[in-house]
Trainee: 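Quick one: the structure is below, questions incoming.
Both ligands and their constituent atoms are indexed starting at 1 by order of listing.
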Amino acid sequence: MNKITSLGTHFGPYRIESDGDEIIAVHGHELDPHPSDIGQAYVHRSTLRVLRPSVRQSWLRDGPNTRRPRRGNEPFVEVEWDRAIDLVSDELKRVQGEHGPEALFAGSYGWGSSGRVHAPSALLFRLLRMCGGYTDVWGTYSSSAAEAIVPYVLGMRYHAAIGRGTSWSVIDKHTDLFVTFGGLRRSNTEVTYGGQGTHHTADWMEKARGHGTEFLNIGPIRDDIDSRITSRWQPIRPGTDVALMLACIHTLLVEGRVDEGFVDTYVHGWERFASYVLGDTDGQPKSASWASGITGIEANTIKNLADEMSRRRTLINLGLSVQRADHGEQSYWTATALACALGQIGLPGGGIAFPFGAQGNVGAGQVRKRVPGIPIPPRPEGPPIISVSRFRELLDNPGAIYNFNGQTGRYPEIKMIWWAGGNPFHHHQDLNELSSAWERPDTVIVQEPFWTPTARRADIVLPSTTPLERNDLGGAENMLISHGKAVEAPGDALDDYQILEMVAERLGIKDQFTEGRTADQWVEVLYEIFRAENDWAPNFEQFREAGYLRHPEMSEMGENEQVFLAEYRDDPTVHPLGTPSGRIELWSETIAEFDYDDCPPHPTWIEPFERLGGRGSERWPLHLVSNQPTSRLHSQYDHTEPSQGSKVAGREPIRIHPQIAEERGICDGDVVRVFNDRGTCLAGAVIDDSLMPEVVQLSTGAWYDPDDDGMCRAGNPNVLTRDKGTSQLAQGPSAHTCLVEIERFEGAAPRVESYDPPLFAVDG
Ligand SMILES: Nc1nc2c(c(=O)[nH]1)N[C@H]1C(S)=C(S)[C@@H](COP(=O)(O)OP(=O)(O)OC[C@H]3O[C@@H](n4cnc5c(=O)[nH]c(N)nc54)[C@H](O)[C@@H]3O)O[C@H]1N2
Ligand SMILES: Nc1nc2c(c(=O)[nH]1)N[C@H]1C(S)=C(S)[C@@H](COP(=O)(O)OP(=O)(O)OC[C@H]3O[C@@H](n4cnc5c(=O)[nH]c(N)nc54)[C@H](O)[C@@H]3O)O[C@H]1N2
Ligand SMILES: [Mo]
């Protein structure tokens, strides 16, 4: 009899069928109306598991700081766990002792497991904060610019704003026009960081459409809204949304349609912002004809849009792509300003929304219930905290001064990197630049189940289990999930918990790290903490037996009627915002004090470093959209089905408009070369007229596979993107600001090598 276990993931809950040795089938959870196909990757046996602790040959022979440029090009030697843990612990002690804790970079960003106990980076932070600390990170590759700006504008954390956001049930009843900047990609809503519950977004969209909500997709790609939903499409040059928003505000101002009552009562700094929009401060009115030249949208269309938005109950939504771009802070700030001008903030179905179409939990109508995680001690004083996507700069510029969100810091010299549960050689921008920065530290340690591009570029690889190979506890918007171990781990792979427990033992802090518990005991302890806070919850055995539970206060996703900022609108004196003025700030005295030329104190159009119709476009005529992949989560399981089944000519597919393809003699299925000043990759051509002609689309996550010249044969777009902070405020990633050229690849295309196992050697 096959065994059925339950599993929670970032892409939803599943029932796993196994025969003890192998995964036989991955079934959607019985409560899930639309299980994600991403989980089918679990059925496929991988030849790329890291089976034993592995050390780069010359590092093992000659110690740290040896032939660092050979990282990624040298054989590994497999060693016993004892030896690997000795090497790791001794090196940690050496680096911290000789150079101080700041010489260790363990920010370790990434979407490892969604379990609460086996969360690889949380466990790593737990251990390293018990022994001096490390240079740490703030923010995410997802939403740093929004995370930095929203507190200044609305006086609350960005993620709190999402939890308090307008629910689908309210949109369904009240919204006439749902305007979205950056799409509403159904595939993106299959995923939620830390655990996706059952999938309901697609049903809500269909329901709302059926009840008369019109969806207007403002963006470069038509099918950013599911084709099953009839919607309108307004193409726009990527990176120019702020100009369009400002021109809508300008139109409302000159036509006397700004909601004066709203801005007088609820907004701080409206007058100063309005004089900027009118051009009083810089001589340039942000008129529809001005914006037309930037966005490529007709001036009349812009005026009509402003007019339509002010006549109808309009919700303005921002995805995350619009802020993962140069000066990305401004898109969130300016959209809020537009919603203020329209005066519908706090009304049912109107106002501002973030970020529908980016994750499946958005529109849930509730703040996520607390599901306890393994405790992480506070950060020890001393080592700096950098904005997460500045880590390449950190490696390259020891001693350099940096500005970040009102603070000034100095980058330490990094001697050691430790990564658990992330893949920087997929996620970071300008990977060829990262490759050389990666040569600088003495030692790189990576904990990974698979031979990813990052694992291959390590000195010491510690093989970890996958969520299928251990018990855990998971939480999502509308359920709690008991993860059950389905199969044994292959080779000598161990749980991240066990790996770090052994390190803790060498450091003499095992009892502190484990608190005397095994990982399975932690699962039970965390559940009991949850039960103590929720006395209705069944006992642990019953929970394990059922495999999940529904929180009685967790409504069916989106059913709770919640309106963003309704309380504030009802009574701004009783419910002021957490900003210095208590109001929505379109002028921030705090940001003014920072005196950043790339983030002025009010929403502002600032030319990005490159864009269509602007800087760089004469040489590089196409804009590259490197959005999220539909067939996988980032780079995870790129080496198996279903991701491999999505490849074209053995590489990541790139969508190209027929006109652009014809001009360049490119046919469907051809291998193409995508290039700019920063790098080159190969991809498989898909001709598709759902894009604006001057836009090409290549999703993230193909395993980085540079040839000797740095050309990525697999099609990772991050050889093309620029590694630049959004501004000194957030210092977020600006991956979505990227121009390229494309041509047919002539001759025999080179084989992709990143899915081959690495080379191994015997000791010595
Ligand atoms: N050009 C461009 N680049 C982008 C983006 C973009 O829009 N454009 N988007 C960015 C965004 S939003 C994000 S969030 C990042 C995502 O970047 P990452 O989060 O780094 O990407 P993942 O592929 O999810 O990497 C997770 C890694 O954890 C490993 N892992 C899984 N489970 C475990 C475990 O239990 N233990 C251990 N030790 N490891 C485990 C997986 O095998 C995988 O290698 O990419 C960013 N990069
Ligand atoms: N299946 C799946 N779902 C995922 C993920 C995954 O890897 N796989 N990753 C998850 C993660 S970590 C995150 S952070 C979210 C990301 O969520 P988002 O950042 O919102 O999503 P993206 O897919 O990067 O971009 C969405 C669309 O924005 C449009 N766009 C790009 N630039 C611009 C612009 O300048 N202006 C306008 N108006 N539109 C633009 C593009 O056409 C693109 O298709 O997705 C999550 N969902
Ligand atoms: Mo993300």
Trainee: Show the atoms of ligand 1 that are less than 4.0 angstrom away from any heavy atom in D496.
Mentor: 34 (C), 35 (O), 36 (N), 37 (C), 38 (N)
Trainee: With sequence neighbours left out, write down each residue that passes ring-ring contact (aromatic ring centres under 6.0 Å, His included) with F391, or none if nothing qualifies.
Mentor: F105, W419, H428
Trainee: N/O to N/O below 3.5 Å, does that happen between I38 and ligand 2?
Mentor: no
Trainee: Under 3.5 Å between some N or O of ligand 2 and some N or O of S142?
Mentor: no
Trainee: Counting from 1, what ligand 1 atoms have a heavy atom of G112 closer than 4.0 Å?
Mentor: 28 (O), 30 (N), 31 (C), 32 (N)
Trainee: What atoms of ligand 2 come within less than 4.0 Å of a heavy atom belonging to P238?
Mentor: 34 (C), 35 (O)
Trainee: If you take the nearest heavy atom of each of R324, Q323, R186, Q359, which one is closest to atom 16 (C) of ligand 2?
Mentor: R324
Trainee: Return all side-chain donor-acceptor pairs below 3.5 angstrom for residues 234-242, not counting sequence neighbours, or 'none' if the list is empty.
Mentor:
from : atom 1 : to   : atom 2 : distance (Å)
R237 : NH1    : G293 : O      : 3.1
R237 : NH1    : I294 : O      : 3.0
T240 : OG1    : R237 : O      : 2.6

Trainee: Examine ligand 1 and decide if any of its atoms is less than 4.0 Å from a heavy atom belonging to T721.
Mentor: yes
Trainee: Do any N/O atoms on G357 end up under 3.5 angstrom from N/O atoms on ligand 2?
Mentor: no
Trainee: Using a 4.0 Å heavy-atom cut-off, which part of Y141 comes near ligand 2: side chain, backbone, both, or neither?
Mentor: neither
Trainee: Say whether A325 and ligand 2 are in contact under the criterion: heavy-atom distance to a ligand atom below 4.0 Å.
Mentor: no
Trainee: Ligand 2 versus N627, non-hydrogen atoms closer than 4.0 Å: side chain, backbone, both, neither?
Mentor: both
Trainee: Polar contacts were defined as any N/O atom of the residue lying under 3.5 Å from an N/O atom of the ligand; does this apply to I218 and ligand 2?
Mentor: yes
Trainee: Please work out which of V719, T700, T466 has its closest non-hydrogen atom nearest to atom 5 (C) of ligand 1.
Mentor: T700
Trainee: If we only consider heavy atoms of Y109, is any one of them less than 4.0 Å away from an atom in ligand 1?
Mentor: yes
Trainee: Would you say Q697 touches ligand 2, if touching means a heavy atom closer than 4.0 Å?
Mentor: no
Trainee: Give the contacting part of E190 toward ligand 2: side chain, backbone, both or neither, where contact means a heavy-atom distance below 4.0 Å.
Mentor: neither
Trainee: Do any nitrogen or oxygen atoms of V625 lie less than 3.5 angstrom from nitrogen or oxygen atoms of ligand 2?
Mentor: no
Trainee: Who's closest to atom 7 (O) of ligand 2 heavy-atom-wise, of H736, M692, H634?
Mentor: H634
Trainee: Which residue and non-hydrogen atom of the protein lie closest to atom 9 (N) of ligand 2, and at what distance in Å?
Mentor: Q628 OE1, 3.2 Å
Trainee: How close does the nearest protein non-hydrogen atom get to atom 15 (C) of ligand 2, and which residue and atom is it?
Mentor: A358 O, 3.3 Å
Trainee: Taking R632 first and then D638, would you say they form a salt bridge - that is, a charged N and a carboxylate O separated by under 4.0 Å?
Mentor: yes
Trainee: Compute the minimum heavy-atom distance from P220 to ligand 2 and say whether it is under 4.0 Å.
Mentor: yes
Trainee: Return a yes/no value for H623: is any of its N or O atoms, backbone included, closer than 3.5 angstrom to an N or O of ligand 2?
Mentor: no
Trainee: Quick check: does S626 get an N/O under 3.5 Å from an N/O on ligand 2?
Mentor: no
Trainee: Considering E448, E469, Q429 one by one, which has a heavy atom nearer to atom 27 (C) of ligand 1 than any of the others?
Mentor: E448
Trainee: Taking only heavy atoms of A735 into account, list the atoms of ligand 1 that are under 4.0 Å away from them.
Mentor: 1 (N), 2 (C), 8 (N)
Trainee: Is it the side chain, the backbone, both or neither of H426 that has a heavy atom closer than 4.0 Å to ligand 1?
Mentor: side chain
Trainee: Counting only heavy atoms, tell me which of I236, V242, T737, N188 gets closest to atom 3 (N) of ligand 2.
Mentor: N188
Trainee: Quick one: does W111 get within less than 4.0 Å of ligand 2, heavy atoms only?
Mentor: yes
